[in-house]
Undergrad: 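Quick one: the structure is below, questions incoming.
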Amino acid sequence: MEVRVRYAPSPTGNQHIGGVRTALFNYLFARSTGGKFILRLEDTDRSRYAEEYVGNLYDTFKWLGFYWDEGPDIGGPSGPYIQSERFDSYREHAKRLIAAGGAYYCFCDEDRLAKMRAAQAEGKTEEQGYDRHCRNIPAAEAAARVASGEKAVIRLKIPLEGSTAFHDLLLGDIEWKNEDVSPDPVLLKSDGFPTYHLANVVDDHLMRITHVMRAQEWLPSAPMHMIMYAAFGWEPPLLCHLPMVLGQDGHKLSKRHGATSVNEFRKAGYLPEALINYVAHLGCSYEDGRDLFPLADLEKLFRVERINKAPAIFDYQKLEWYNGQYIRQKSDKELCDLVMPHLLESGLFAGADGPGVRTLLEAAMPLVRERLHFLADAPAMLGYLIQEPPTAPPGEFIPKKLDAARAAAMLDAAAALLPKCDLGDVPAAEILFRSEAERLGAKLGDLLLPLRVAVTGSRVSPPLFESMALLGLRRCLERIARARAVLG
RNA sequence: GGCCCCUUCGUCUAUCGGUUAGGACAAAAGAUUCUCAAUCUUUAAAGAGGGGUUCGACUCCCCUAGGGGCUACCA
């Protein structure tokens, strides 16, 4: 039987790490088994829905490099793939359930429910959740009340006794006492919209989903879904509840832990390869002895048996390491393309994508490749190549254990030596500077530090000789002269 | 509170009854070095606790503790 899995996000926020992890595992499972990966929009919550989140969804997954075999944008044999376009089906199915005796109309209004909850909170009753007040209204009476226009929801009948058992691909056999299942959850809201539970079960069945992989926070509603499948007389899909992703403090990953939406990672200059590689390892392993896996390899190697049961803590440092690894794998041209949007956005590089500047920047990529942890670091690192750096305060020019006069002397010596160097030949230039340092009785570092600060504006910079080669002799000498004036 | 899931270095993980419990990130030390990086070498670091089962348990079972999740006309 062909595997059919789905990622079914609710467009009520930007795509975040948790969602991407669920999507990725479903995606990898489909690819590794030769099955189908389906995207379905669960837009049944009108109060939190926003169009921009749908755009963000497509944008995010396009960036990550996922593709789906069926979905709202590309269609497929089980469409439509947007739940708001399937409303008639849910209503019809809810009514079918009533006819079959698996569900009932409930006329309790907000008021009564609120009072009931208040009483429960005070501890007057042991029961939690809906008190099944309307469960035993005769079907004919309920139908009449609905026909007369009275507002009603449809609730699922959870058996009062017995238990519900199911098998979880990861967790194994699970048995749940029916009395511990959420008592008679709402399937169809009074406005006619379905709840997640109804829409999810109906669509999974209609779309012939074979495996439901979702976060473990859904586990408590699994027995209720199983009861619904049984009430419909349907064969349920196999369930697989994935471990949760937590923040450093062990609580559910959220804003206060740092970036969580893919947008944020993207803006900060993370590569999709790094994000995918890292997220793929949250609660799952592949082969031993390797850390870097291209998506194509993950697609081949993914095995449900290698998923962990325990929740995983999100480690930004390890993700950062992955990012550095993938940045270092890029060619000059690739890296330049990746860095360009960040350069342009910084405002320091107006016209950087024009041919002249572009050539310079591409030539500068070898100088920063090993220094970049994030693409967004690039503007600060490369600014001095395009703009005149602000002249540093005098103290910056003075090497440790030396004084201002000595630093000035170093700078003069460097300025005198520079025109004699072939900047295109870095090793040769370095030899010249080394012997000059020796002549001055200084370390090479002491000779280069004032020069570095003069040329790049900072004590920390990409390699100096290579930088000067890119800048050209004239600009270097100008900067040295300006620095010399500051030094006095 | 009730119900459920989980438990190997700080973190992500390997181990599928017999290992000096391995790797990666982070940390520390060193090498290299024009700064910063990168790279290389090395070090430190773990089976929550208690009972069983077994010739032998990280591995299987039970209890306890701890962590997490759910407990909506949200998903």
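Note on naming: letters A, B, ... go to the chains in the order of the sequence lines (proteins, then strands), and numbering restarts at 1 for each one. In this text, all values refer to a predicted model and were calculated from it rather than measured experimentally.
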Undergrad: Looking at the rings of A/F293 and A/H281, which for Trp means the six-membered one, are their centres under 6.0 Å apart?
TA: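 So the answer is yes for these two rings.
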Undergrad: Quick check, are the ring centers of A/F433 and A/F465 under 6.0 angstrom apart?
TA: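 Judged by ring-centre distance (under 6.0 Å), A/F433 and A/F465 do meet the cut-off.
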Undergrad: With a cut-off of under 6.0 Å to the ring centre and 45° to the axis, is A/R46 in cation-pi contact with A/F193?
TA: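 Here A/R46 passes the 6.0 Å and 45° test against A/F193.
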Undergrad: Determine whether the aromatic ring centres of A/F314 and A/H257 lie less than 6.0 Å apart.
TA: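 For A/F314 and A/H257, the ring centres are not under 6.0 Å apart.
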Undergrad: B/C73, B/A75, B/A37: which one has an atom nearest the side-chain heavy atoms of A/E42?
TA: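 So the nucleotide nearest the side chain must be B/A75.
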Undergrad: Kindly say whether the aromatic ring centers of A/W218 and A/Y196 come within a distance under 6.0 Å.
TA: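 Centroid distance A/W218-A/Y196: below 6.0 Å, so yes.
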Undergrad: Counting any heavy atom closer than 4.0 Å, what does A/L282 reach on the DNA or RNA strands: base, sugar-phosphate only, or nothing?
TA: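 A/L282: backbone/sugar contact only, no base atoms under 4.0 Å.
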Undergrad: Could you tell me whether A/W218 contacts a base, only the sugar-phosphate backbone, or nothing, with contacts defined as non-hydrogen atoms closer than 4.0 Å?
TA: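 Base contact.
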Undergrad: Give the nucleotide from the list B/A75, B/C73, B/A37 with an atom nearest to the side chain of A/V186.
TA: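 Nearest to the side-chain atoms of A/V186, counting from C-beta on, is B/C73.
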Undergrad: In whole Å, measure the gap between the C1' atoms of B/A14 and B/U33 for me.
TA: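 Rounded to whole Å, the distance is 36 Å.
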Undergrad: Centre of A/F107's six-membered ring, under 6.0 Å away, within 45 degrees of the axis: is that where NZ or CZ of A/R145 sits?
TA: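 Satisfied, under 6.0 Å and within 45°.
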Undergrad: When the P atoms of B/G22 and B/C58 are compared, how many Å lie between them, rounded to an integer?
TA: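 That atom pair is separated by 14 Å.
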Undergrad: With respect to the phosphate group of B/A72, does any side-chain polar atom (N or O) of A/R117 fall under 4.0 Å of OP1 or OP2?
TA: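 Answer no for this pair, as no side-chain N or O of A/R117 is under 4.0 Å from OP1 or OP2.
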Undergrad: Within less than 4.0 Å of OP1 or OP2 of B/C73, is there a side-chain N or O belonging to A/R155?
TA: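 The answer is yes; a side-chain N or O of A/R155 sits under 4.0 Å from OP1 or OP2.
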Undergrad: Counting any heavy atom closer than 4.0 Å, what does A/L219 reach on the DNA or RNA strands: base, sugar-phosphate only, or nothing?
TA: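 The answer is sugar-phosphate, as A/L219 gets under 4.0 Å only of primed atoms, P, OP1 or OP2.
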Undergrad: Set out, in order, the CA-CA distance, both residues' side-chain angles and the distance that settles salt bridge (Lys or Arg N to Asp or Glu O under 4.0 Å) for A/R40 and A/D204, then state yes or no.
TA: CA-CA 10 Å; A/R40 182 173 76 218; A/D204 282 346; 2.9 Å; yes
Undergrad: So does A/R328 get a side-chain nitrogen or oxygen closer than 4.0 Å to the phosphate oxygens (OP1/OP2) of B/U39?
TA: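 Affirmative; the distance criterion is met.
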Undergrad: Output one letter per nucleotide in nucleotides 21-28 of chain B: B when a protein non-hydrogen atom lies under 4.0 Å from the base, S when only the sugar-phosphate is that close, - when neither is.
TA: ---BSS--
Undergrad: Students often get this wrong, so: under 4.0 angstrom with heavy atoms, is A/K443 touching a base, only sugar-phosphate, or nothing?
TA: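 No contact.
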Undergrad: What's the closest nucleotide to the side chain of A/P220 if the choices are B/A75, B/C70, B/G68?
TA: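 For the A/P220 side chain, the nearest candidate turns out to be B/C70.
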Undergrad: So what does A/C284 touch, heavy atoms closer than 4.0 Å: a base, only the sugar-phosphate, or nothing?
TA: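 Touches sugar-phosphate only.
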Undergrad: With rounding to the closest Å, how many angstrom separate the P atoms on B/A38 and B/A28?
TA: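 Approximately 13 Å lies between the P atom of B/A38 and that of B/A28.
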Undergrad: So A/H251, base contact, sugar-phosphate only, or nothing? Heavy-atom distance under 4.0 Å.
TA: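 The answer is sugar-phosphate, as A/H251 gets under 4.0 Å only of primed atoms, P, OP1 or OP2.
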Undergrad: What verdict does the side-chain hydrogen bond (donor to acceptor under 3.5 Å, both in side chains) test give for A/T164 and A/N178, after you've listed the backbone C-alpha separation in whole Å, the side-chain angles of each residue and the deciding distance to 0.1 Å?
TA: CA-CA 6 Å; A/T164 299; A/N178 288 146; 2.6 Å; yes
Undergrad: Just to be sure I understand the rule, does A/P243 reach a base, reach only the sugar-phosphate, or reach nothing, if contact means heavy atoms closer than 4.0 Å?
TA: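 The answer is nothing, as A/P243 stays clear of every strand by at least 4.0 Å.
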Undergrad: Taking OP1 and OP2 of B/C74, is either one under 4.0 Å from a side-chain nitrogen or oxygen of A/S47?
TA: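 No, no such contact exists.
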Undergrad: Give one of base, sugar-phosphate or nothing for A/G250, where a contact means two heavy atoms less than 4.0 Å apart.
TA: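 Sugar-phosphate: the residue A/G250, judged by heavy atoms under 4.0 Å, touches backbone atoms but no base.
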Undergrad: Would one find a side-chain N or O of A/K309 under 4.0 angstrom from OP1 or OP2 of B/G69?
TA: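 Negative; the distance criterion is not met.
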Undergrad: So if I take every side-chain heavy atom of A/L171 and compare against B/C6, B/G1, B/C34, which nucleotide ends up nearest?
TA: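 Side chain of A/L171 sits closest to B/C6.
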Undergrad: Give the nucleotide from the list B/C73, B/U15, B/G68 with an atom nearest to the side chain of A/R306.
TA: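 Of the options given, the side chain of A/R306 lies nearest B/U15.
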Undergrad: Using a cut-off of 4.0 Å on non-hydrogen atoms, how would the nucleic acid contact of A/P463 be classed: base, sugar-phosphate, or nothing?
TA: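 A/P463: base contact, heavy atoms under 4.0 Å.
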Undergrad: Just by distance, with hydrogens left out, do A/T22 and A/Y7 show a side-chain donor and acceptor under 3.5 Å apart?
TA: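 Checked: A/T22/A/Y7 side chains show no N/O donor-acceptor pair below 3.5 Å.
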Undergrad: Where each residue is assigned the nucleotide of RNA chain B containing its nearest heavy atom, which of A/G283 and A/T12 is assigned the position nearer the 5′ end?
TA: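 Its nearest nucleotide lies further toward 5', so the answer is A/G283.
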Undergrad: Return the 5'-most residue of the pair A/T195, A/W176 with respect to RNA chain B, ranking by each residue's nearest nucleotide.
TA: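 Residue closer to the 5' terminus by nearest nucleotide: A/W176.
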Undergrad: Roughly how many Å apart are B/G10 and B/G47, using the C1' atom of each and rounding to a whole number?
TA: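 So the two C1' atoms sit 16 Å from each other.
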Undergrad: Are OP1 or OP2 of B/A14 and a side-chain N or O of A/N308 less than 4.0 angstrom apart?
TA: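 Result: yes.
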Undergrad: Checking contacts here: which listed nucleotide (B/U35, B/U7, B/C4) is nearest the side-chain heavy atoms of A/A310?
TA: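 Minimum distance to the A/A310 side chain belongs to B/U7.
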Undergrad: Taking the side chain of A/E217 as its heavy atoms from C-beta onward, which of B/C5, B/C70, B/C74 lies nearest to it?
TA: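 The closest nucleotide is B/C70.
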Undergrad: Select one nucleotide: of B/G1, B/G69, B/A75, the one nearest the side-chain heavy atoms of A/M244.
TA: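 Nearest listed nucleotide: B/G69.
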Undergrad: Any N or O donor-acceptor pair under 3.5 Å from the base of B/C73 to the side chain of A/S190?
TA: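 Yes, the side chain and the base share a sub-3.5 Å donor-acceptor pair.
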